[in-house]
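Here is the structure we will look at, set down as structure tokens.
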There are 2 protein chains.
Amino acid sequence: MRNHAIILPMSTDLIQRLRAAGYKITPPRLAVIEVIQREGEHLNPQEILEQAQALHAQTGRATVYRTLELLTQLGIVRPIYVGDNGPTYIRADGAHHHLVCSRCGRIVEFDACAADSMGCELESRFGFHITSHLLEFYGICPQCQTSDASQSQ
Amino acid sequence: MRNHAIILPMSTDLIQRLRAAGYKITPPRLAVIEVIQREGEHLNPQEILEQAQALHAQTGRATVYRTLELLTQLGIVRPIYVGDNGPTYIRADGAHHHLVCSRCGRIVEFDACAADSMGCELESRFGFHITSHLLEFYGICPQCQTSDASQSQ
DNA sequence: ATCACAAATGAGAATAATTCTCATTAAAGC
DNA sequence: GCTTTAATGAGAATTATTCTCATTTGTGAT
Ligand SMILES: [Mn+2]
Ligand SMILES: [Mn+2]
Ligand SMILES: [Zn+2]
Ligand SMILES: [Zn+2]
């Protein structure tokens, strides 16, 4: 049983953060981190499991859930919910912005965000150290506005 | 079988919206709407079922899920996720703002929000008709900053 | 390099959450 | 009141998540 060396230029600083917090650096954890670093967007636990297994075949489902919980606690990832499809995970650095149509579920992503400046004010007001945010606007998309407005879907 | 008249001063305009969209006004729907109107915050499907049954005893679980889906489509309610506790539902008018601690999960609610003004710009930029938003900041709360920062929980 | 030990893991069982099925009921329009 | 058809409730079925526990494996100390 020599093997299982994932040959990854893995983001060293995340490893440091894990180690600093007293957690062991294990192949499944490296795999999950790598998957989320790489893809970064909207992967659910099942998809993360599958992609992690591509890197470390023995990875188990429970471990993926445990790792996601851990990484969430450490503020490295964050669950994000689009539609009613259960949680997906994204990197918890930076910001994430959605325009969500209540009627059809279409999602538009956008970048610029006034919330960035709000962060500072909130830090002093509430004493939080803010590391990321999520801003979602809900409404009706252009396509749904033209189609008969009283009929859902 | 005469009965089951829920004696509610139920918000007439929501009834209109349901009817206008071609849906029937039924006791379970009235009950669910009433529950969410009344409480407004952070109720999960189970809690909504229980409170709805207090208004209309026969209300079934599946109907609650179906009604929440419908009301979400109509933009009347919206799922909101705090921590890993699964969805809860709030009214989808107005805005909702959270400060969330990545470490302990504490949530601080706040009001003032620069996002309100962003809405207008986004409406013209993307053609969305925006009805509500959710803005969540993630970070570390004051309590967790003082306690040993490297240890989770 | 070997060792000791607690932390971490994986398999599968157990549980919880959500959706589906289908026979029955009851709103809405006439 | 009658008809039509959407909506409902009970429970089964399915999915998602968590738990259990025997085994493995990082890690820090020899
Ligand atoms: Mn996105
Ligand atoms: Mn809230
Ligand atoms: Zn739409
Ligand atoms: Zn905290």
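All chains are named by letter (A, B, ...) in the order of the sequence lines, taking the proteins before the strands, and each is independently numbered beginning at 1.
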*D:dT25 phosphate, OP1 or OP2, under 4.0 Å from A:Thr26 side-chain N/O*: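 No, because none of the side-chain N or O atoms of A:Thr26 sits under 4.0 Å from OP1 or OP2 of D:dT25.
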
Strictly distance-based, threshold 3.5 Å: is any side-chain N or O of [X] a donor or acceptor partner for the main-chain N or O of [Y]?
X: B:Glu47; Y: B:Asn44; value: yes
X: A:Thr63; Y: A:Thr59; value: no
X: B:His129; Y: A:Gly139; value: no

Grab the [atom1]-[atom2] distance between [X] and [N] for me, whole Å please.
X: B:Tyr89; N: C:dT18; atom1: OH; atom2: C1'; answer: 10 Å
X: A:Arg19; N: C:dA8; atom1: CZ; atom2: C1'; answer: 15 Å
X: A:Asn85; N: C:dT18; atom1: CG; atom2: C1'; answer: 13 Å
X: B:Leu49; N: C:dA16; atom1: CG; atom2: P; answer: 16 Å
X: B:Gln73; N: D:dA7; atom1: CD; atom2: P; answer: 13 Å
X: B:Glu69; N: C:dA17; atom1: CD; atom2: P; answer: 19 Å
X: B:Ile25; N: D:dA6; atom1: CD1; atom2: P; answer: 15 Å
X: B:Lys24; N: C:dA28; atom1: NZ; atom2: C1'; answer: 6 Å

_same_hphob_cluster(B:Leu134, B:Ile90) at 4.5 Å side-chain heavy-atom cutoff_ =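 B:Leu134 clusters together with B:Ile90.
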
_Hydrophobic clustering (ILVMFWY, side-chain heavy atoms < 4.5 Å, transitive) - are A:Ile76 and B:Ile140 grouped together?_
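No, no single cluster joins them.
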
*Note down the inter-axis angle between the two ends of the helix from C:dA1-D:dT30 to C:dC30-D:dG1, five pairs each, to the nearest 10°.*
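Overall, the helix from C:dA1-D:dT30 to C:dC30-D:dG1 bends by 60° from one end axis to the other.
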
*Would you call the rings of B:His42 and B:His98 parallel, tilted or perpendicular if under 30° counts as parallel and over 60° as perpendicular?*
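Plane angle over 60°, so perpendicular.
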
*asked:* Over 60° means perpendicular and under 30° means parallel, so tell me whether B:Tyr81 and A:Tyr81 are parallel, tilted or perpendicular.
replied: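 Geometry flag for A:Tyr81 against B:Tyr81: parallel rings.
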
*Mind checking side-chain hydrogen bond (donor to acceptor under 3.5 Å, both in side chains) for A:Thr72 and listing every partner two or more places apart, or none if nothing turns up?*
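Not a single residue meets the side-chain hydrogen bond (donor to acceptor under 3.5 Å, both in side chains) criterion with A:Thr72.
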
*Could you encode protein contacts along nucleotides 9-20 of chain D as a string, one character per nucleotide from 5' to 3', using B for base contact, S for sugar-phosphate-only contact and - for no contact, with a heavy-atom cut-off of under 4.0 Å?*
BB-----SBBBB

_Would you say CD of B:Glu69 has more than 12 non-hydrogen atoms from neighbouring residues, nucleotides or ligands within 6.0 angstrom?_
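No, not enclosed.
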
